[in-house]
Amino acid sequence: MQLKNATYHIQDISMEALAEKYGTPLFVYNAFTIDRQINRLQNAFDGFPHRINYAAKSLTNIAVLKLMCSYGLGLDVVSVNELQMGLDAGFDADDILFTSNSVSFEEIKEAIARGVKVNIDSLSLLETFGKEYGGSQPCSIRLKLDPLVGEHEASTEWHNKSKFGIHYSRLDDIKALIDTYNLDIVGLHVHNSSSFLDIPVYVKAAKRMFDIARSFEGLDFIDFGGGITVPFHPEDETIDVNKLGKALTTEVHSFYDDYGSRPEIWFEPGRFLVSECGYLLCSVTVLKGDRDLPYAGTDTGFNHLLRPKLYGAYHDICNISNPEGELQNYHITGNMCETDFLGRDRPVARIREGDILCIKNAGAYGACMASNYNSRLRPAEVMIREGKVQLIRERETYEDLVRNQLDVSW
Ligand code: LLP
C-alpha cells in the first residue's frame, strides 16, 4: 500500500474508494504481494530441488487457491473440505498433501479416495493405516523434534508437548510398523513453529531431519512445513530468506552426497505468502474522548480478526482517511460485547468518527478465522490484481446467518 497524493493506494486503486464501493468492514488483498513473496521463496531455494505447497488454512478462498495453482504451487490441506476446495480450484490430487491431526480414520480414507497423499502423525494411526493399506498406498510421516522457538505458545508447534507428529525418539517404533506392514514411506515432514525468524534454529532442525532421513530408503521428499514469518511491527526485521536458502543449500547438498538419491525439499508457507497482502478496512463508529487516552471504536472486532485477542498479536493500524494528520495515541477497539482491543495505545493520524482505518497483515489467519460472534456478518473480500478489483467473497447477509437454524415451535 502506497501513499500517493495524500491517498493510500494499491496498484493505483484508492483504498478509500474501495471502502466506499464495497462498504466496511472489508478484506482487501493485493495479488502483487503474493506474487512477490512466491518469487522470493522460489529464488531463495533455487539451489536445490524444491516444491512450495501453499498452506490453504492461512487464507482459504477458492479464488486465492486458484491463484496459487496458477503459479504452479502444490497445496497443504488439513481437512477433506480444504482438500475438495483445492481440487475445485484446479490442483491435481497428486500435488496435494493431506496433513491432518486428530481426525477419524474415515477422513483419512476419504482423502485417499480423492487421490491425495496423506501425512501420518501418530503411531496408532500409522498402525491402522498399515492394517488397511499395507504397502499399496504411499504415505509420509510427520515428526516432532525437540522444543525450539516460537512467538506464542499457541502457535508454536515444535514444542515437546505439542500434539503434532511422532517424536523422533520413537523412530524404532516407526521402523517396526514399517516392517510389519511393509509400508511405503515416501516422505518425512516436520512443521516449524509458526512465526519463525531464527535461521540457525531452522537449520539445526533441518540437520536433524536429514540425519533421520538417512535411515529411510528411497524418500521422494522431505517437508519442512511452514512457519517462515514476516514483519508485523514497523520495527520488526524481515527474515532474510536468501540467507536461509543458502544455509539450507549447504545442508541439502551434504545430505544428497551420502543419501544416494535427491529427495525434493518441500515447504508449506501460509503466513509468508499471504499475511502482508491483506488489509482489513473498518470504519470508526465512535470516539470516546473522556479518558486520558481516547478509544476509537470500529465496526469490526475479534469476530473478523482474532489474532490480537487470541495471541496478543500486533497488527499495524493506520488512518487512511487522514493520512497526513498529526499522530495521536488511541486505543482501537472492535464492537464486540467484550473487551476487544485491535491495538492498544497506538499512534495513529488524528481519528475522526467516520474515518476508515486499515489493519495490516490481515491476509493470513484473518478471514479464515472469522466468526459470527455477536451475530455479526463476516466481511466481503476483494482481490486487486493487475490493476483490477475482483470481489472474491460476498459480504454475509442475515439469511446466511440463520441459514442452518431451524425455526421450531415449542
Ligand atoms: N504446515 C502445517 C502442517 C501447519 O500446521 C501450518 C500452520 C502451516 C504449514 C503454515 O504455517 P505458516 O507458514 O502460516 O506459519 N492461526 C495462527 C497460526 C496457526 C498455524 C497453524 N499451522 C496465527 O494466526 O498465527
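When a ligand or atom number is given, it counts from 1 through the structure's own listing order.
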> Given the rule in the salt bridge (charged side-chain N to carboxylate O under 4.0 Å, His left out) test, do D95 and R51 qualify, once you have shown the distances and angles that lead to the verdict?
Replying inline: CA-CA 10 Å; D95 291 332; R51 185 164 112 173; 3.4 Å; yes
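Residue M369 places no N or O, backbone or side chain, under 3.5 Å from any N or O of ligand 1. Annotation: Y365 places an N or O atom under 3.5 Å from an N or O atom of ligand 1; distance criterion only. The shortest N or O to N or O distance between G225 and ligand 1 is not below 3.5 Å. The N/O atoms of T99, backbone and side chain alike, include none that comes under 3.5 Å of an N/O atom in ligand 1.
Aromatic ring pairs are classed by plane angle as parallel below 30°, tilted from 30° to 60° and perpendicular above 60°; the pair Y133 and F129 is tilted.
Ligand 1 places these atoms under 4.0 Å from at least one heavy atom of G270: 12 (P), 13 (O), 14 (O). The E268 neighbourhood of ligand 1 comprises atoms 1 (N), 2 (C), 3 (C), 8 (C), 9 (C), 10 (C), 13 (O), with distances under 4.0 Å to a heavy atom of that residue. The distance from ligand 1 to the heavy atoms of R307 drops below 4.0 Å at these ligand atoms: 23 (C), 24 (O), 25 (O). Taking a cut-off of under 4.0 Å to the non-hydrogen atoms of R271, the atoms of ligand 1 that pass are 12 (P), 13 (O), 14 (O), 15 (O), 18 (C), 23 (C), 25 (O). Taking a cut-off of under 4.0 Å to the non-hydrogen atoms of P269, the atoms of ligand 1 that pass are 13 (O).
Contacts between D76 and ligand 1 below 4.0 angstrom, taking non-hydrogen atoms only, involve the side chain exclusively. Only the side chain of Y311 comes within 4.0 Å of ligand 1, counting heavy atoms alone; its backbone N, CA, C and O stay farther away.
Side chain to side chain, Q42 and D46 fail the donor-acceptor criterion of an N or O pair below 3.5 Å. A donor and an acceptor atom, one from each side chain of D35 and Y71, are located under 3.5 Å apart.
Ion pair R208/D211 not flagged as a salt bridge, since none of the NZ, NE, NH1 or NH2 atoms sits closer than 4.0 Å to an Asp/Glu carboxylate oxygen. We find that D400 and R403 are joined by a salt bridge, their nearest charged nitrogen and carboxylate oxygen being less than 4.0 Å apart.
Close to ligand 1: G227, with a non-hydrogen atom less than 4.0 angstrom away.
Between F210 and Y259, the distance separating the two ring centers is not shorter than 6.0 angstrom.
No side-chain donor-acceptor contact under 3.5 Å links S275 to the backbone of F272.
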